[in-house]
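Encoded as structure tokens, the structure appears first; notes follow it.
Just so you know, these numbers use all the heavy atoms, side chains as well, and skip hydrogens, waters and symmetry mates. Owing to the predicted nature of the structure, the values given are computational and were not obtained by experimental measurement.
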Amino acid sequence: MKIEPVAAPKTTIQVIERMVALLDALAKYSDPVSLKELSKVSGLHPSTAHRILNDMVLTRFVDRIEPGTYRLGMRLLELGNVVKSRLSVREAALDFMRQLHKKTQQTINLSVRQGDEIVYIDRAFSERSGMQVVRAIGGRGPLHLTSTGKLFLSVDEPKAIRAYATRTGLAGHNKNSITDLAKLERELSLVRTRGYARDNEELELGVRCMAAGIRDDSGKLIAGLSISAPADRLQEEWLEDLVETARQISATLGYSAAD
């Protein structure tokens, strides 16, 4: 005799769907909302909405401000903070990096700033990219010679940029390296205007990169996502994909460009 799998009761699924509908409705308002308005927005009968809201008040998912008005509860903030604390930028970025690598077939780097350098913390690549990976995970590069490094310098105050130039001497690696403060300042101005940065064989001859910033929920620049490719293979159409991928990772971390 064939045994059919036991399905979750339909009523249980309906209750969850209605809870989500009410939470979504509450999220649309910054001020407390009336039961009548929540019923209208969620599409639920007032008695059904009232019953579910009462249960969510008991579990602190919803706060009752005064009889008949509600807002999102602190329990959601507490759970959100737990998720945030467990989500690192590497975890948030990995799947997106793999997708971008699959589309471009080039090396995708994730880097963060440490002092006057960037550190490569993850990478998506394949041997078929045709480029030797010269900067392994854990490798470092000067801020002024890397696309991600320029992103971080671009958000520094002018005084901090000059201090960086003094500390490092803007040492170059080859004939393409930016070693002049005035030229670096012009480059950083372009980065601010464009919203992305480039490395035109300034760190490694034969390798070009472009980078877009990743921001956390406070809007702080916390990492850079970059594409590295042989100088003659870097395609401008990848730039839109790169910027969009960085935006998606930032959104996963809670950042909204409208904030």
Side-chain angles (χ1 to χ4, degrees), residues 16-17 20 23-24 27 76-114 117-141 143 146-152 154-155 191 194-199 203-204 207-230 233-259:
I16 294 172
E17 290 175 345
V20 171
L23 290 173
D24 286 342
L76 293 168
L77 178 61
E78 293 167 1
L79 293 175
N81 284 333
V82 170
V83 172
K84 179 184 174 183
S85 69
R86 294 177 180 175
L87 183 64
S88 73
V89 66
R90 290 179 66 181
E91 292 171 331
L94 187 56
D95 285 344
F96 292 105
M97 291 172 66
R98 287 171 175 164
Q99 293 169 22
L100 186 58
H101 166 67
K102 185 176 181 181
K103 187 167 188 177
T104 64
Q105 292 299 303
Q106 302 301 321
T107 301
I108 310 301
N109 310 289
L110 182 67
S111 312
V112 298
R113 179 177 186 172
Q114 285 190 2
E117 299 176 307
I118 62 162
V119 179
Y120 297 87
I121 62 172
D122 216 335
R123 170 170 281 126
F125 73 100
S126 66
E127 298 301 329
R128 294 176 300 183
S129 66
M131 182 183 70
Q132 181 183 2
V133 178
V134 293
R135 301 279 164 173
I137 294 175
R140 295 171 177 267
L143 296 178
T146 56
S147 54
T148 292
K150 291 175 186 177
L151 289 174
F152 281 103
S154 74
V155 298
V191 172
R194 294 169 174 169
Y196 61 86
R198 297 179 183 273
D199 158 20
L203 183 64
E204 305 285 346
V207 179
R208 294 172 61 206
C209 305
M210 47 191 179
I214 295 172
R215 296 179 180 273
D216 65 11
D217 60 339
S218 70
K220 180 182 178 182
L221 179 68
I222 59 170
L225 186 72
S226 63
I227 299 177
S228 299
R233 294 190 192 175
L234 193 70
Q235 299 179 26
E236 290 302 310
E237 55 262 36
W238 294 340
L239 183 59
E240 183 176 347
D241 295 322
L242 173 68
V243 171
E244 174 60 18
T245 302
R247 186 200 64 78
Q248 291 174 338
I249 297 170
S250 298
T252 300
L253 294 170
Y255 174 68
S256 172
D259 290 345

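For the atom pair CG of L242 and CD of E244, the computed distance is 10.5 Å after rounding to the nearest 0.5 Å. Separating the CD atom in Q248 from the CD atom in Q99 is a distance of 7.0 Å, to the nearest 0.5 Å. To the nearest 0.5 angstrom, K220 atom NZ is 14.5 Å from Y255 atom OH. Taking CG of L234 as the reference point, atom OG of S228 lies at 8.5 Å (rounded to 0.5 Å). A distance of 13.5 Å separates CZ of R208 from CZ of R233, quoted to the nearest 0.5 Å. Going from atom OG of S88 over to atom CD1 of I121 covers 7.5 Å, rounded to the nearest 0.5 Å.
In this structure, the side chains of T252 and F96 come closer than 4.5 Å at one or more pairs of heavy atoms. A 4.5 Å side-chain heavy-atom check between T245 and I108 finds every atom pair outside the cut-off. Residues Q106 and P230 meet the side-chain proximity criterion, which asks for heavy atoms closer than 4.5 Å. Considering only heavy atoms from C-beta on, Q114 comes within 4.5 Å of R140 through its side chain. Proximity of I227 to D241: side-chain heavy atoms (C-beta onward) are nowhere separated by under 4.5 Å. Residues L151 and V155 fail the side-chain proximity criterion, which asks for heavy atoms closer than 4.5 Å. Looking at I118 and L143, their side chains come closer than 4.5 Å, going by heavy atoms from C-beta outward.
Under a cut-off of 6.0 angstrom, the local environment of CD in E237 is crowded, with over 12 non-hydrogen atoms contributed by other residues, nucleotides or ligands.
Side-chain atoms of H101 do not come within 3.5 Å of backbone N or O of T107 as any donor-acceptor pair.
Closest of all the heavy-atom pairs between S111 and F152 is O-CE1, 4.4 Å. Closest approach of A223 and V112 over heavy atoms only: CB-CG1, 4.0 Å. Between R215 and L221, the shortest heavy-atom distance links the atoms NH1-N, 3.6 Å. The two residues L253 and A92 make their nearest non-hydrogen contact at CD2-CB, 3.8 Å. Considering every non-hydrogen atom in both Y196 and L239, the closest pair reads CZ-CD2, 3.4 Å. When all heavy atoms of W238 and A229 are compared, the closest pair comes out as CZ3-CB, 4.2 Å.
Side-chain atoms of N109 and S226 form a donor-acceptor pair, as typed in the model, at a separation below 3.5 Å.
The existence of a salt bridge linking E236 and R198 is confirmed by a sub-4.0 Å separation between a basic side-chain nitrogen and an acidic carboxylate oxygen.
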I would like to know whether I214 and L110 meet side-chain contact (heavy atoms from CB on, under 4.5 Å); could you show each step before the answer? CA-CA 9 Å; I214 295 172; L110 182 67; 3.6 Å; yes
